[in-house]
Amino acid sequence: MRIDILTLFPEMFTSITDYSIPKRAIGKGFMEIFTHNIRDFANGKYRRVDDYPFGGESGMVMMIEPIARCIEKLKAERQYDAVLFTTPDGKVFNQNMANRFSMLQNIILLCGHYKGIDERIRELFITEEVSIGDFVLSGGELAAMVMVDAIVRVIPGVISDETSALSDSFQDGLLSAPVYTRPADYQGYKVPDILRSGNEKLINEWKLEQQLSRTRARRPDLLEE
Ligand code: SAH
């Protein structure tokens, strides 16, 4: 899949392109990420990308033209399945969305800044608006990186042990069971015996029990769904 990210701060995205699972996925060709500096599409000597809001509020608003030019250029080059905008008033991002987006071919991901973007961009170009939670960030870049990271790890083949992504929290509507590694005994704090029993059936039953009790205690809302 290909993700085109429109941002005022393309350099920030090295945080995902240069590390860990996303880096490997890009290296193996599972995902291509292209960043586009919105400022490159602005006019004039100062390449202005923001302006005062109508109606006299404080703060600045990202202007239509540079963003529109960038989106139109990309759309002339290929078909896009989704044009996403990161915004606190969007639908809250979750695992289902990550799974769904991971099946698309081409996505544009627009990052806002300042007070946000001119509403007409949203009306004209955006197919889906996504929030990463009920709080306000300075810009959409971190939100976009959160989304890209969640999307890339569920693309089949990206995580070598495929069941690993499937056993993560939320994939089966439940939180994940606790995990342990060596040493089996840390200053008297022991790994549950059952995990060392070698009995796969009992281990799976134990894990499911743990998932259910954890979900009941921490996120009962997931069980209601
Ligand atoms: N005035 C806006 C917030 C602007 S914050 C409002 O009250 O809704 C600046 C930019 O940061 C936004 O345009 C958006 O792209 C990004 N952003 C901030 N919080 C976000 C969140 N929770 N999820 C996704 N993007 C967010």
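Atom set for the values below is all heavy atoms of this structure, side chains included, hydrogens, waters and symmetry mates excluded. Both counts, for ligands and for their atoms, begin at 1 and track the order of listing.
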Is it the case that R122 places NZ or CZ above or below the six-membered ring of F85, under 6.0 angstrom from the centre and within 45 degrees of the axis?
no
Note: S131, heavy atoms under 4.0 Å from ligand 1, region reported as both
Determine, for E77 against K73, whether the closest basic-nitrogen to carboxylate-oxygen distance falls under 4.0 angstrom.
yes
Report yes or no: does a heavy atom of L142 sit under 4.0 Å from some atom of ligand 1?
no
E129 and K91 ion-paired at < 4.0 Å
no
Would you call the rings of W206 and Y180 parallel, tilted or perpendicular if under 30° counts as parallel and over 60° as perpendicular?
tilted
For atom 18 (C) of ligand 1, which of the options V146, L137, D89 provides the nearest non-hydrogen atom?
L137
Quick one: which ligand 1 atoms are inside 4.0 Å of a heavy atom on V130?
24 (C)
What do you reckon, does G133 have a nitrogen or oxygen under 3.5 Å from a nitrogen or oxygen of ligand 1?
yes
Shortest heavy-atom approach to atom 24 (C) of ligand 1 - which of G116, A144, A143
A143
Does ligand 1 have an atom that lies less than 4.0 angstrom from a heavy atom of S138?
yes
Indicate whether the side chain of N199 and that of S197 have a donor and an acceptor atom separated by less than 3.5 Å.
no
Under 4.0 Å from a heavy atom of V136: which atoms of ligand 1 are those, numbered in the order shown and with their elements?
3 (C), 5 (S), 19 (N)
Any protein heavy atom nearer than 4.0 Å to atom 11 (O) of ligand 1:
yes
For R48, is there an ion pair with D51 - N to carboxylate O distance below 4.0 angstrom?
yes
What is the nearest protein non-hydrogen atom to atom 2 (C) of ligand 1, stated with its residue, atom name and distance?
K115 O, 3.4 Å
Nearest protein heavy atom to atom 9 (C) of ligand 1, by residue and atom, and its distance?
Y114 O, 3.2 Å
To which protein heavy atom is atom 23 (N) of ligand 1 closest, and what is the distance rounded to 0.1 Å?
I132 N, 3.0 Å
If you count the atoms of ligand 1 from 1 in the order shown, which ones are under 4.0 Å from a heavy atom of G140?
11 (O), 15 (O), 16 (C)
May I ask you to identify the nearest protein heavy atom to atom 22 (N) of ligand 1, giving residue, atom name and distance to one decimal place in Å?
F135 O, 2.8 Å
the protein heavy atom lying closest to atom 8 (O) of ligand 1 turns out to be P88 CG, 3.3 Å
Residue from T17, V152, I21 passing side chain to side chain contact (heavy atoms under 4.5 Å, CB included) with I26
T17
Only one of T215, L175, L222 passes side chain to side chain contact (heavy atoms under 4.5 Å, CB included) with S169, and that residue is L175
Nearest-neighbour protein heavy atom for atom 15 (O) of ligand 1, which is reported as residue plus atom name and distance:
T86 O, 2.6 Å
Could you tell me whether D168 and R153 have a side-chain N and a carboxylate O separated by less than 4.0 Å?
yes
Pairing of R100 and E128 as salt bridge, 4.0 angstrom limit:
yes
